[in-house]
Amino acid sequence: MLNTVRTLCEGGFKEFPTAVVGDIMLDHYIYGEVNRISPEAPVPVLNVKEEKYILGGAGNVAMNLRGLGLPVKVFGRAGNDQAGDKVVELFELAGIDASGIWFHGETILKTRLLGGRGQQMLRIDREKVLHPSDEEIIGALNSIVNLQGLRAVILSDYSKGTLTEKLCAGVINLCKSKNIPVFVDPKGSDWERYRGATMVTPNLRELGEVSNMRISNEDDLISEAGSAVRAEYGLDSLLVTRSDRGATLIKDNLVHHERARMVDVYDVSGAGDTMIATVAAFIAAGTDIYESIKLANIASQIVIGKVGTYPIKAFELLNYISEVNRLNSNKLFTIEETVSKVASWKDNNEKVVFTNGCFDVFHAGHLDSLVRAKNLGDRLIVGLNSDDSVRRLKGSSRPVNDENARARILEALSIVDCVVIFDEDTPERLLSFLTPDVLAKGGDYAPDQVVGRQYAKEVVILPILEGYSTTGILRKIDDDRKM
């Protein structure tokens, strides 16, 4: 996954043009401090320190796509007013093609007043629901047809009038005829206008509205309601966003739950925009749908750690994945750290397996034993004899590879979850701390002969792969040298 993300986020996304159609908004933030109450009325006085404008709604979806590096053209309405001028200015500054905007009425503007520490005091909305004319719809469709190399279209619906049934049906049918996927961020209970879309991404409330059900954040309820909605509207797939519980994909007869990592949440504004933009971007670039959802989940978690509406940036996603990859590849832990990990895994009802060895010259027999051990549970801990321990057991000429080199080889194996080095001749003391569910041991032992068996719930003897041993390999090397 890291290589895919790196390639795309370091410039590869520029090969995948996208279009966003929907309700464009302008978010206006006024920051200040409150130090007194007005003498005119019992209200706080905000002493303004800073103002900023950010694109919202379909504009934020476009900004997320652009932040990842995709070429973007946006379609929607803005007003013939100063706010409309600001919308166009912000799009152009971001390198987004705003030539698909039609102008009438007033721009949808949301002004937020924030006091100390970003506390929102008041929101002032200026909006009027206006539907596009037939001429504007035809113009948008013709423009989409002429976009060179278009790889995806996102319909961003905020119930402000842009996405009429006629416009949605026109976009979906047009894109179907050209095998271009259409992604929809929905609103309301009438999904007829989304019929036949590639993917619709409701949150729990939106799924409840369209299914006319009260849906709690439980796997079974979401799967049942989502499957019914997907079938009713002829959708290729449904992706239900579930806040801190991640997301659920329903596609054909398959249901996949993508869990979220625990993160600090500062502001969930725009998280849905980030989700749909990121999943559309990666699918447009040819990434597997499950990997795309995993990456979209991560991107959403990044932006909710920011204050206000915040679009994802390519470097942030890449840095996050790189850091997670680095942490996951570092599997060598102290005894104390391993004890903590075991407790965490057991709290999560994961079965912990322990095996041990010197693993001096790694060979197929070692790999076979480790694979068999991992198949006994969910997490595999490998106890590794230290260099001093190996010398006492094998003689002064061993180990051939020091403990750090041996540990690095074990860390590189995806089946290994944790490596812990012990200094004693046996792992009995280590096992007394870890108390694994399963103790796996390779060799011609009876279970009641295995050292440390009293600290595990179960002892399993692993068969030895014939013809492989470190001693045998070293002897053959020595014999070859003498020839």
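This one's a predicted model, so the numbers in the text were calculated from it and none came from an experiment.
A salt bridge does not link R379 with D437: none of the charged nitrogens is closer than 4.0 Å to a carboxylate oxygen. A salt bridge links K187 to E206: one of the charged nitrogens lies within less than 4.0 Å of a carboxylate oxygen. A salt bridge links D157 and R193; the closest N-O separation between the charged side-chain nitrogens and carboxylate oxygens is under 4.0 Å. A salt bridge links E209 to R205: at least one charged side-chain nitrogen sits closer than 4.0 Å to a carboxylate oxygen. Look at E291 and K294 and you find no salt bridge, because none of the NZ, NE, NH1 or NH2 atoms lies under 4.0 Å from a carboxylate O. Taking 4.0 Å as the cut-off between side-chain N and carboxylate O, R77 and D23 do not count as a salt-bridged pair. The existence of a salt bridge linking D27 and R112 is confirmed by a sub-4.0 Å separation between a basic side-chain nitrogen and an acidic carboxylate oxygen.
Side-chain contact check for N64 and T274: at least one donor-acceptor pair (N or O, by modelled atom type) lies under 3.5 Å. In this model, no donor atom of one side chain and acceptor atom of the other lie less than 3.5 Å apart for R123 and T111. Checked by atom type, the side-chain pair D273/Y158 shows a donor-acceptor distance below 3.5 Å.
Exactly one residue among I54, I108, L90 makes a side chain to side chain contact (heavy atoms under 4.5 Å, CB included) with L26. That residue is L90. Considering P202, P186, S211 in turn, S211 is the only one that fulfils the side chain to side chain contact (heavy atoms under 4.5 Å, CB included) rule with V229.
Ring orientation note: the planes of Y31 and Y29 are close to parallel, at an angle under 30° on the 30°/60° scale. Below 30°, between 30° and 60°, or above 60°: for Y53 and H28 the angle between ring planes is below 30°, a parallel geometry.
Judged by distance alone, with hydrogens and angles left aside, the side-chain atoms of D288 form a donor-acceptor pair with the main-chain N or O of Y290 at under 3.5 Å. Not a single donor-acceptor pair under 3.5 Å links the side chain of D125 to the backbone N or O of E127. Checked by atom type and distance alone, the side chain of T287 never pairs as donor or acceptor with a backbone atom of I283 at under 3.5 Å. Side-chain atoms of N375 come within 3.5 Å of backbone N or O of V371 as a donor-acceptor pair. Of the possible polar contacts, none joining the K86 side chain to the L55 backbone as a donor-acceptor pair under 3.5 Å is found.
The number of heavy atoms from other shown groups lying within 6.0 Å of CD (E192) is above 12.
Residues F13 and F282 place their aromatic rings such that the two centres sit under 6.0 Å apart.
Taking the salt bridge (charged side-chain N to carboxylate O under 4.0 Å, His left out) definition, one finds that R372 meets it with D368, sequence neighbours left out.
Atoms CG and CD, on L384 and E411 in that order, are 10.0 Å from each other to the nearest 0.5 Å.
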